[in-house]
Amino acid sequence: DSRFTEAGLFPVGVRRLELAGLEASVWYPALEPSPEPVSYSYALLVFGADSPTAIAEHAGRAGLDADVDPTGGPYPLVVLSHGYAITPSSYGWLAEHLASHGMVVVAPHHSEVLDPRLLWRSTIARPHDIDRVVDSIPVWEDAAGFPGSFVATDRTAVVGHSYGGYTALAAAGARLHMNGFDSRCAPPETPDGLEFLCDALVPYIDDLASEAGLESVPSGLWPAQGSTSVDAVVSLAGDAAMFGESGLAEADVPLLVVGGTADTDSPFEWGSQFAYDQASSERKVEVRFDGAGHFVYTGECSSVRRIVKLMPFGFCADAGWNRADAHAEIKNRITAFLHAELVGDATAAADLTDPSDDPRVRIRSKGYADNE
């Protein structure tokens, strides 16, 4: 096992704040463990519901409002972008792990509900949410009573799952190419697995352009939808097809993509693999989980609510994968990647690109220890 698989040396605190009009959870290095750690719900906000619907719950170890540890700061900033309509607490397991390794993790709650007819709005809103969060950090530090320069905004990464992966790729510089996407979606040539994304975006291309402040749909690449300068991005089963080859070529920061070959929501070929192959990043890594589906990145499913049986999606159906084993592999790779890129840990790249003990995990890389 890598040194990044286990929790780091820092106790972890968590606070719930409002950042630039967005609700957010913030995990950070704390002075001491809390005697009453928080618990997390793996939940989503369904259209028509007043509050998120919990799918499962699991215990955390972060202390609510614990005192910060300023001794190791300023700490790198990680903005964690959740999956479409899934709550940030669903990724508490990952946020806690990164904070224990000396990072401040901010997870904004993107304002959206589980309704495919509204996905197009998130395409424009989410990259701007990242801008708002990063720009608000100095104000948040002061309002929360944190020491000045606690967060190193000059060392920033965006980590996202599903449409959060789209958000991360946009932060990396990828630009929409909707005319090309529209052509790819034209029946009967629509590639298998892209039907959902095509149905959710193509009918609303004019609305997308209007929301982005454009007078018409550009024939080529769209303007960048965010302005935040980031140093690294991680896309977990991220949607990438709407960028096309030319739009993904605009992504040029260090990139880690993770995806499963049994993913039917964001197919590996058109998500993780597509982003890795087309991004211009000088340093990039692809982690391939053979047989893994789309939701293996979300919260633990050890305590599952009965409502899961009534839902048509496989929120806790990981086929042959044990979710805890998958989480251990994911924690290892992401933490090593962020230590290499944000902390300057010269030895972390070895943990990032080393072969896994699990033969179902395969690695491709460029710029670290090339093994293409």
Side-chain angles (χ1 to χ4, degrees), residues 79 81 83-84 108 110-112 116-135 156 158-186 189-191 193-235 237-255 257 266-267 269-281 284:
V79 183
S81 181
Y84 184 62
H110 303 293
S111 180
E112 57 199 17
R117 297 169 299 177
L118 302 176
L119 183 70
W120 65 271
R121 292 179 178 170
S122 296
T123 308
I124 304 303
R126 278 171 166 262
H128 296 290
D129 287 348
I130 304 302
D131 293 343
R132 291 161 63 189
V133 167
V134 175
D135 291 344
T156 296
V158 177
V159 177
H161 168 232
S162 191
Y163 228 56
Y166 153 79
T167 309
L169 292 169
R175 293 163 58 185
L176 296 171
H177 187 188
M178 297 306 297
N179 277 1
F181 181 65
D182 188 6
S183 299
R184 183 165 279 154
C185 288
E189 288 80 14
T190 303
L194 281 190
E195 294 88 355
F196 173 82
L197 201 58
C198 290
D199 290 345
L201 295 182
V202 170
Y204 304 101
I205 286 180
D206 290 336
D207 298 302
L208 273 166
S210 177
E211 190 77 5
L214 305 175
E215 293 183 358
S216 61
V217 177
S219 59
L221 293 181
W222 288 38
Q225 294 306 305
S227 61
T228 294
S229 176
V230 301
D231 302 286
V233 298
V234 178
S235 174
D239 292 294
M242 65 282 278
F243 297 116
E245 290 86 348
S246 58
L248 285 168
E250 297 292 311
D252 59 0
V253 303
L255 171 67
V257 298
S266 180
E269 178 185 0
W270 293 105
S272 301
Q273 179 178 288
F274 190 45
Y276 178 86
D277 286 342
Q278 303 302 328
S280 297
S281 309
K284 54 185 178 180

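Reckoned from all heavy atoms, side chains included, excluding hydrogens, waters and symmetry mates.
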According to the disulfide bond (SG atoms under 2.5 Å apart) rule, which pairs have a member within residues 205-234, sequence neighbours left out?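 For residues 205-234, and leaving out neighbouring residues, there are no disulfide bond (SG atoms under 2.5 Å apart) pairs at all.
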Atom CD of E269 and atom CG of D277: how far apart are they, to the nearest 0.5 Å?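 The CG atom of D277 is 9.5 Å from CD of E269, to the nearest 0.5 Å.
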Testing the basics here: between [X] and [Y], what is the closest heavy-atom pair and its distance to 0.1 Å?
X	Y	answer
F243	A170	CZ-N, 4.0 Å
C198	P203	O-CD, 3.6 Å
A275	V257	CB-CG1, 4.1 Å
A241	F274	CA-CE2, 4.0 Å
G238	S235	CA-OG, 3.2 Å

Tell me whether [X] contacts the main-chain N or O of [Y] through its side chain, where contact means a donor paired with an acceptor under 3.5 Å.
X	Y	result
K284	Y276	yes
Q273	G271	no
D231	T156	yes
T167	S81	no

Can you list the residues that meet the side-chain hydrogen bond (donor to acceptor under 3.5 Å, both in side chains) rule with [X], with sequence neighbours excluded?
X	answer
S272	none
S227	D131
S281	none
Y84	none

Got a sec, which residues hit side-chain contact (heavy atoms from CB on, under 4.5 Å) with T123, two or more places apart in sequence or on another chain?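 With sequence neighbours excluded, T123 shows a side-chain contact (heavy atoms from CB on, under 4.5 Å) to Y163, Y166, L176, L201, L208, given in chain and number order.
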Excluding sequence neighbours, so at least two apart, what forms side-chain contact (heavy atoms from CB on, under 4.5 Å) with V253?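 If we apply the side-chain contact (heavy atoms from CB on, under 4.5 Å) test to V253, skipping adjacent residues, the hits are A172, V230, V233.
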Do [X] and [Y] come within less than 4.5 Å of each other through their side chains, counting heavy atoms only?
X	Y	answer
D239	S162	yes
F181	L197	yes
N179	P218	no

Short side-chain donor-acceptor distance under 3.5 Å, S122 and H110: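 No donor-acceptor contact under 3.5 Å links the two side chains.
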Partner set under salt bridge (charged side-chain N to carboxylate O under 4.0 Å, His left out) for E112, not counting sequence neighbours: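 So E112 forms a salt bridge (charged side-chain N to carboxylate O under 4.0 Å, His left out) with R126.
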For E245, which residues count as a salt bridge (charged side-chain N to carboxylate O under 4.0 Å, His left out) partner, sequence neighbours excluded?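 Applying salt bridge (charged side-chain N to carboxylate O under 4.0 Å, His left out) to E245 gives R184.
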Give the C-alpha distance, both sets of side-chain angles, the deciding distance and a yes or no for side-chain contact (heavy atoms from CB on, under 4.5 Å) between I124 and H128. CA-CA 7 Å; I124 304 303; H128 296 290; 4.2 Å; yes
Do R132 and D135 meet the salt-bridge criterion of a basic N to acidic O distance under 4.0 Å?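 Not counted as a salt bridge, because no side-chain N and carboxylate O are separated by less than 4.0 Å.
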Got a sec, which pairs hit side-chain hydrogen bond (donor to acceptor under 3.5 Å, both in side chains) with one end in residues 199-222, sequence neighbours left out?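 For residues 199-222, and leaving out neighbouring residues, there are no side-chain hydrogen bond (donor to acceptor under 3.5 Å, both in side chains) pairs at all.
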How would you list all residue pairs meeting salt bridge (Lys or Arg N to Asp or Glu O under 4.0 Å) that involve residues 168-177, not counting sequence neighbours?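 As it turns out, the salt bridge (Lys or Arg N to Asp or Glu O under 4.0 Å) pairs with a partner in residues 168-177, which skip direct neighbours, are R175-E250.
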Only counting residues at least two apart or in another chain, list the ones meeting ring-ring contact (aromatic ring centres under 6.0 Å, His included) with H177.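 Checked H177 against ring-ring contact (aromatic ring centres under 6.0 Å, His included); zero matches.
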